[in-house]
Each structure stands twice: as structure tokens, then as C-alpha cells.
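Presented below is the structure to which this report refers.
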Amino acid sequence: MAEPRPTGPDTAHPAEESRGEERGRSYPFRELEAAARKRWVEERLFELRDPMKAERRFYCLNMFPYPSGDLHVGHGRNYILGDAVARVRKMQRFTVLQPMGWDAFGLPAENAAIKNKTHPAVWTRKNIARMKAQLFAWGVMFDWNREIASCDPSYYRWTQWIFLKLYEQGLAYRAMGSVNWCPSCQTVLANEQVVDGKCERCGTVVETRELEQWYFKITDYAEPLLRDLALLEHWPEKVRVMQSNWIGRSEGASVRFPIAGREALLEIFTTRPDTLMGATFMVVAAEHPLVVTLASEGKLSPDAIRFVDRLKRARVENRFAVETEKEGVALGVEAVHPLTGARLPVWVANYVLMGYGTGAIMAVPAHDQRDFEFATRYHLPIVEVIRPAEGPAFDGTAAYEGDGALVHSAPFDGLPAEEGKRAIVSALEKAGKGEARVNWRLRDWLISRQRYWGAPIPMVTCPSCGMQPVPESELPVLLPEQVEFEPTGKSPLLSNKAFLEAKCPQCGGPARRETDTMDTFVDSSWYFLRFLSPKAEDRAFDTDAVNRWLPVNQYIGGVEHAILHLLYSRFIVKVFQRMGLVSFAEPFEHLFTQGMITKDGAKMSKSHGNVVPPDALIERYGADTVRLYTLFIGPPEKEAEWNDRGVEGAYRFLTRYWKMIEDFTEANEVVPGSKRPQTAGGGAGGTAYAASGPARDLRRRVHQLVHQITGDVERFHFNTAVSGLMQVVNAVQEYQAQEGDLRAPEAAEAVDLATRLLAPLAPHTAEGAWDRLGHPESVVLAPWPSADPEAQQSASQTLAVQVNGKLRAQIQVPAAASKAEIEQAAQADPKVQKFTEGKQVVQVIVVPGKLVNVVVR
RNA sequence: GCCCGGGUGGCGAAACGGCAGACGCAGGGGACUUAAAAUCCCCUGGGGGAAACCCCGUGAAGGUUCGAUUCCUUCCCCGGGCACCA
């Protein structure tokens, strides 16, 4: 994947004369864009040479894409935002790393390959070339020397190495379990890849199967993963909440109920140990070991057998339907209450899930609505044990789930619920029947896939030594080229004999290679570390460079990765931190999730037929127009509707900007690319500025806008930054209309500032303008302007005057006017007097620089 | 059900508690042109008025405040996340 030369893709457009269209003439974007990109590549302006030499580093990262083929304008938003941020930081004198890579393993390549009878590698490489050319055409500049692709053996070798490290730590294990099975993709899926009971990829309803699979023990890290969300203050609140919900911590108690007449214990988890004395029966899930044991002993009633079978089948078909009425069957066994010794019947029911807690609950119908409904239906006893100090208590029509004090719970009667919890838990501890416990919703990460296009899991099974990891020195375990990858439900790698045969690393005897491949989320959980040493052959990543450059300063991507990718990446980094391989706890400092771009109210997709391809737009208006419109369309974190007419507006603006540059250079006889001394620089000293008049007004306005735009860019408000730039050009135009030319130093300064502000947003046009303005250096290297606070000041100020909060007049006062003078001027205004006449002025509020409010009665 | 967002002109949207609608799109009028395109100028939230001006207006209703699109309470609608989670 690595390019030997520091060049962009060779499909870049040559400067081409516009065919018949008048557009290209007044604003020659084709020539400008070709020349600018050529210059950036030739001058290697976007390459990070030595990571260890960077003084002020800025790591700007876009989530690397899956190479699915053509990019549309929605994808573009992501890269345009990142590019704008990177360019601003560069102008602010940061050493910037903005790399790009390809999340290149995965099912679509395989499916496309099956359809088109090509190899997934061929399809993937073709798409990468295509997408790279598109990115280049957008003027999005990455450090292509650092390009990586997760399907490249030089990369997945280290994905396999990571697997081995996790295996060494006991964090990778193989186990039997209920797994999500997609019958269409013919593979297992992680919990995170199942959305509304359907396969995230293809939308097929997912089935549950009992299979032996590989897992990463992410649950070991549940606590730090949750706790450290607090460190991510620069992440959107929304994403942190989603992660927090997904990890799902709940505090409560683990309680063991002996089963009458058996050795077995029924262990449950509850968040309400205070209601222990109100437990009147027990419920287990259909898949619970107790049910399995009873079935194998032939002790299940025919009713129970039928019920359990039906439930299991229903779960396969529609296990996510919540509206189902609560149903169950008594198992014919009894649990013994750990504190009272009471006998509680054990039921199996549809509303208890094996996947959470222990798959068994104590039912407290008076204080849990689900238990209440079940108890009512099957006429099970209900005991009230919590009663509020005031207000409605349990009344027999619905469960009371609120707070209160314990009743019918001797010897705990009268205790407030919180104290009751503690007292009951300690009583359980004393009796050896339970203890306080934290329960997590998070499950282990299922990483094996029975598909071809992924990194092979580096394990072998030896008939005499058992399961053995492949030694590091033998990595990578290469993915064989010759396989049948038609999905059969079994790994395609089984079809390649040569691949299957391995040598046992322990005894040297014949062994069999693991044929599952890894979930592609493993590939993407560490790629951001690889960019610092993308070609290293002796290690996954360079610890020193990574410690210097991470956490990533700005990570940008779609909110659809809020859970999966971001959680896994955080997990892997935490594992590495514990191993001493990295010195930071979190991989991404600032996270920005951009909104989707829709067309005709829907997400762009081939099936909707509403995809807006960028190529024709770039051909017609130029990349800068597309960039500017994309940034202007709305707040970047929000969804936005694409509007072709809006593109015209951006084009018109750039045309006006370009006319401004031409008028300016003509009026001042500037020679492009000359070393002519600059007319003005951001607040350059020694330049004589007019004290008043249109030139002074222009300067003030422009400096105010520099201030505004700098703040906008800092806060990702690119839409208002573009609007601010439009106002700069409008101000210059108005000035020109008034004064007739652009020869004043204030005009020169305005043109200079406008160009530097434009540089990150419409970089090609700004580059061309910068050259016309006489700068020998690229605008990429120009300093970001700073607003002169003094220039923003005005000699007089316009204040709004309100009477009782209603706007009534405008007054002009000197900037230095005192509060008393302002009050007086406001009350002297005839329009104000109209409303204050005959009334008593109670109070006058003066907001400096803004308004005056005269309060009358 | 719980937790996040969000509701502002014809449209995309602006607005540290301080002049609601910046900037742009669309629309209307005009200039230039034989004409069109492009470009430039003016108008463009609703109502009243000849005008000056006045009244209303940020999903709804209340509240806090000299002043609320902004803060608080309740409710309605839209988008997203989680969900028989014990």
C-alpha cells in the first residue's frame, strides 16, 4: 500500500481549459487548483519528517474509511473538516500530523468478490486507488508517506501480535456460548454489531446459536472504561452517555438461595436488596443451568418442556420483542430464602434473560412492575415491604417502585431503604449467603468470524499439546490467496489444506491451524498508533513516538462509531497502558462527530438513489466551491440537507473574492510571486492608517471579523466562519464602491487578511491569491492572522435604547462617554421621551457597547 | 419507560441573558444587454398605516429578570441512544 514517492494519486486533473462554459474565465479555478496541489506535493508541505523533532505537535485524525468505492459529498464533510482544522493548526505554527489509511478488511469486499468473481484484494485495491484520487481532488492533504491498509500483511501481522499479547495476558480466550449468528452473512457477530435484533451490515434478523468462539475479555476493563469517561471532557456529552449506558454499571447485591433438597444454589443479582423480605418467588431464564439440569434429569414437567422449547424458538425468531406478555411455568422446585428460610417456588419465564446478571432473579411483586404483572397473572403471593413516609404506597394495583422505609421485614422494619440495603447485605454476608456486588451490562467482545477477508487468528491446535499460540517470530500468519470463500457457515480457510497444516510450536508435531479470522474492529482498534511508524518491521508501533504524539488531539468521524470503534480503541489502549507500551490512558483527546448529509430528506445511499457524487460538482465549480459549501451548509455536528443551489452561492462568493484579488493587484501593480515587500501585514507597525472615514471603518470591520472567525474556527463553527469571510469580502466591496479603488493600506491589509483566513477553507484559491499578492512562500505556511484589539475600537458607538425592555431608539455617543452621559443622551432622545413622558424613571441600565434600558413606572 | 439532542422567515441558518432573523439560498423589482446568461443595485417574518411609526412574532402555557430564542417548571412534537437490565 505504501507509495515510494511523496506524490498524490496520478489521476489528478491536469489544468484544463473550460469547455464552452464562461464560468472558468472570471474565476479560473481549474488552473488555480491544479497549480496549488502540484505545489503542495512538490514542496512536501503535508509530510511529517521526524516525529521526535516536533515541538508543538498536533495530531489530527479522520476515522479511516472502509474502501467501499466512490465517496460522496457526505463522506467529504468529514475530510474537509479535518483538513480545515489541520490547516488552521499549521498556520498557528503547530507541527501537524494528518495521516490516512484504509480499514480494508471486511465483508463487503468478500461479498463483492463473490458477485464479481474477483479476489477481495483486487477489489479493495481498486477502491483504495479510486478514493485516494477523490480525496486528492478535494484538496484534502494527507501525509501519504504514512498510508496504511489493515489488509496489508505488514499491518495485520501486528494485529495478530496484539492478539498474542492479549492471549498472554489472559485477555483472549475461547469459550462456548450463546452467540449472535447472521444467517445471511454466515458468521457470528459481536453484541455491538446487532442493532434492533438485526445484523448491522445486512439487516437480516440475527439468530442465537451455541458455538465455541474467541473473545476478548473487555469486561475486565469495564470499570476503567467507565471511570475514564470523566477524563474525556472534550468528547460530545452524547457519546459519553452512550458509552456509559453500554457499559451499564449497576450496584446491588449478589444473593445465593439454596434449592430445597439439592446441593445446588440459585444465585441472583438484585439492585434492591432492601426488598429481600418481599421476595415471594424466583424466576430463571429458559437457558439457565438449573433448567438444563432439571431437563437432563427428566424432572421437567411436559408443560415446562414445551414452554422452554417454545421460548427458545421464539427468541431465535424475535427475541427483541418487548411487548410480549409475561409468561412462565413453575419448575416444581423450591428455593430457600437465605434469611427467613421460607420456601419460594422457582419459575421459568420469558421476562428473565440469560444475558444479564446471573439469568435468575428474586421476584418482589410489590415493588417491581414486571414481577407484579407476573404474580398477578399466576396468583402468586405479594408482600409489601417498602412504604413511603407520605403519599401513595403499594395499593395492589401496581408495584410501588419508589423510596420509603421497610415494613413486614423484621428485624429490619422501620429502616429507610438505603439503610435497609446495607443492613440486609451485611446480614447476608454474615450468613454466607451473599454480598454487595456491582453488575455490568458489558459483555466480552466476540472477535472470531467465520469469513475469509480478515486477519487469521494466530493459534494452532496440537493433538497432544492442545491449543498453542503461534510464536511471534512466525508472524504474520498469511491469509492464503487460494480459498473458496463462498459462505458456508464454516471458515473459508478450511478449504485450503496447506494453510490448515501447521507445526505445533510446543512439540513440533503436526497441528491444525485456527481457521477463524478476526473481527475488523480489532484492526481499527489500534491503527492510530501505527501512523507514527507505519513501516516499522520490528514492532507494532514506536512507543517513544506514540507517547509524544498521542492522545490524538482531534479525532473526527461519524457518530455511528460512538460505541463500537471508540470503546474497543479505548480498551486496547488501556491494555497497552497496563503493559507499559503506552503512557496515556485514553487515545483521543478531542472528539468531533460530524452530522450526516442528507439528500431529499434521506441518508445518501445507492439504494435510495440520492447519492450526490462530488466529481461532477468539482468539475463544474471547483473543489474549493464544494469545500466552502460543505462547511457553510450548517453546524457541522448537525445533519444537513444538501442543496445544489447553495453550491452556486459558494461559487458566487469565490468569484467575488477572486475579482477582489484582481482589482487589488491591478490597482497596486503587484507582480505575482515577486519578493516585493508587503503592503500590509496583520497589524504591521509603521503603516499609516487613516484615523477616520471609510478606510478606518473597513479596518475596524475586518479586524472584528478576524476576531470572530478565529473564535469560530476554534469552536468548529465553520458555518459562521464562512459567513464571516463573506462579510470581509462584502466590506471590501462596499469600500471599493465608495472610494473607487483599493489603493489604501487598509485595503491591502483587508485583502491580505481575507486570503489568510480563506486558506484553510478554500485552500487552492487562497494559494493562487497569495501568489498574486506577491508572496513567494505558500499560504500553507503563512501565519494565522491575529486581530488587533485597537483596530476594532470605534470613536463613537451606536447604542440601542429600550424603554421597559422594548426597543425605542438608537443613539450615537462617543466611545469614551461616561455612564451618566449615556443615560442623559438616552433620556434626551425624542423617541424615548415619547414613552417616558409623564412617567417616573425608576432605573436606567447601561450595558456598555450594547444598549440602554430606561425603566419607567 | 429512562437518558441525550432539537423545534426561530418560503428554505439552510445567526444571535457570552442585551437591537431576533447576521450570512447565504429562493422570490420580487430595477440597471446593463437587440435578447438571454452572468454581473451589479434595491426590497423581502406577519399585521396595520399615505407616511412617520405602531402592534404581534423564536413549538405551547406559566415563572425568574429592568430585559428571555437563551435560565427554571410543566406540556406537545421531531431525531438519536438504551431498554422485560432484575
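Model, not experiment: these values are computed from the prediction. Quick note on labels: first sequence line is chain A, next is B, and so on, each numbered from 1.
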Separation of B:U39 P from A:Gln733 CD (nearest whole Å): 12 Å
Write down the distance separating the C1' atoms in B:C42 and B:G81, rounded off to the nearest Å. 49 Å
Please measure how far the P atom in B:U70 lies from the corresponding atom in B:G57, and state the result in whole Å. 14 Å
Determine the contact category for A:Lys806: base if any of its heavy atoms lies under 4.0 Å from a base atom, sugar-phosphate if only primed atoms, P, OP1 or OP2 are that close, otherwise nothing. sugar-phosphate
If you go through the side-chain atoms of A:Asn853, does one of them form a donor-acceptor pair with the base of B:C66 closer than 3.5 Å? yes
Derivation and outcome, side-chain hydrogen bond (donor to acceptor under 3.5 Å, both in side chains), residues A:Asn245 and A:Arg441: CA-CA 8 Å; A:Asn245 287 345; A:Arg441 206 197 73 107; over 6 Å; no
Close side-chain approach of A:Thr765 and A:Ile661, heavy atoms under 4.5 Å: no
Please report the distance, rounded to the nearest Å, between CG in A:Leu628 and P in B:G12. 20 Å
When all nucleic acid strands are considered with a 4.0 Å heavy-atom cut-off, which category describes A:Arg808: base, sugar-phosphate, or nothing? sugar-phosphate
Distance, C1' atom - from B:G17 to B:G24, rounded to whole angstrom: 28 Å
P gap between B:G45 and B:C11, integer Å: 13 Å
Applying a 4.0 Å non-hydrogen cut-off, can you work out what A:Pro635 is touching in the nucleic acid: base, sugar-phosphate, or nothing? sugar-phosphate
Using a heavy-atom cut-off of under 4.0 Å over every strand shown, decide if A:Val847 touches base, sugar-phosphate, or nothing. base
Looking at B:A20, which nucleotide sits across from it as a Watson-Crick or G-U wobble partner, both distances under 3.5 angstrom, or is there none? none
Quickly work out the A:Leu807 CG to B:G57 C1' distance and round it to whole Å. 15 Å
P gap between B:G80 and B:U65, integer Å: 40 Å
Please report the distance separating the P of B:C72 from the corresponding atom of B:G18, rounded so that it comes out in whole Å. 15 Å
Mind checking if A:Asp371 touches a base, just sugar-phosphate, or nothing, with heavy atoms under 4.0 Å? nothing
Would you indicate what A:Gln810 reaches in the nucleic acid, counting non-hydrogen atoms under 4.0 angstrom: base, sugar-phosphate, or nothing? base
Which atom pairs link the protein and nucleotides 24-27 of chain B when you take only N or O atoms and keep those under 3.5 Å?
{"from": "B:G24", "atom 1": "OP1", "to": "A:Asn730", "atom 2": "ND2", "distance (Å)": "3.4"}
{"from": "B:C25", "atom 1": "OP1", "to": "A:Arg652", "atom 2": "NE", "distance (Å)": "3.0"}
{"from": "B:C25", "atom 1": "OP1", "to": "A:Arg652", "atom 2": "NH2", "distance (Å)": "2.7"}
{"from": "B:A26", "atom 1": "OP1", "to": "A:Arg645", "atom 2": "NE", "distance (Å)": "3.4"}
{"from": "B:A26", "atom 1": "OP1", "to": "A:Arg645", "atom 2": "NH2", "distance (Å)": "2.9"}
{"from": "B:A26", "atom 1": "OP2", "to": "A:Arg652", "atom 2": "NH2", "distance (Å)": "3.2"}

Going by purine N1 to pyrimidine N3 plus the second Watson-Crick contact, or the G-U wobble pair, all under 3.5 Å, which nucleotide sits opposite B:C40? B:G30
For A:Ile633, which contact category applies under a 4.0 Å heavy-atom criterion: base, sugar-phosphate, or nothing? sugar-phosphate
Given B:A22, B:C84, B:C16, identify the nucleotide with an atom nearest to the side chain of A:Ser723. B:A22
Please state the P separation for the pair B:A36 and B:A52 - nearest whole angstrom. 34 Å
Could you tell me whether A:Phe372 contacts a base, only the sugar-phosphate backbone, or nothing, with contacts defined as non-hydrogen atoms closer than 4.0 Å? nothing
Base of B:G47 relative to its sugar, syn (within 90° of 0) or anti? anti
Options B:G81, B:C54, B:C19, nucleotide nearest the side-chain atoms of A:Phe835: B:C54
Any chance the side chains of A:Tyr356 and A:Ser250 put a donor and an acceptor closer than 3.5 Å? yes
With rounding to the closest Å, how many angstrom separate the C1' atoms on B:A15 and B:C4? 24 Å
Does the structure place the NZ or CZ of A:Arg808 under 6.0 Å from the centre of the six-membered ring of A:Phe835, at an angle of no more than 45° from the ring's axis? yes
Between A:Arg272 and A:Gln843, which is nearer to the 5' end of RNA chain B once each is assigned its nearest nucleotide? A:Gln843
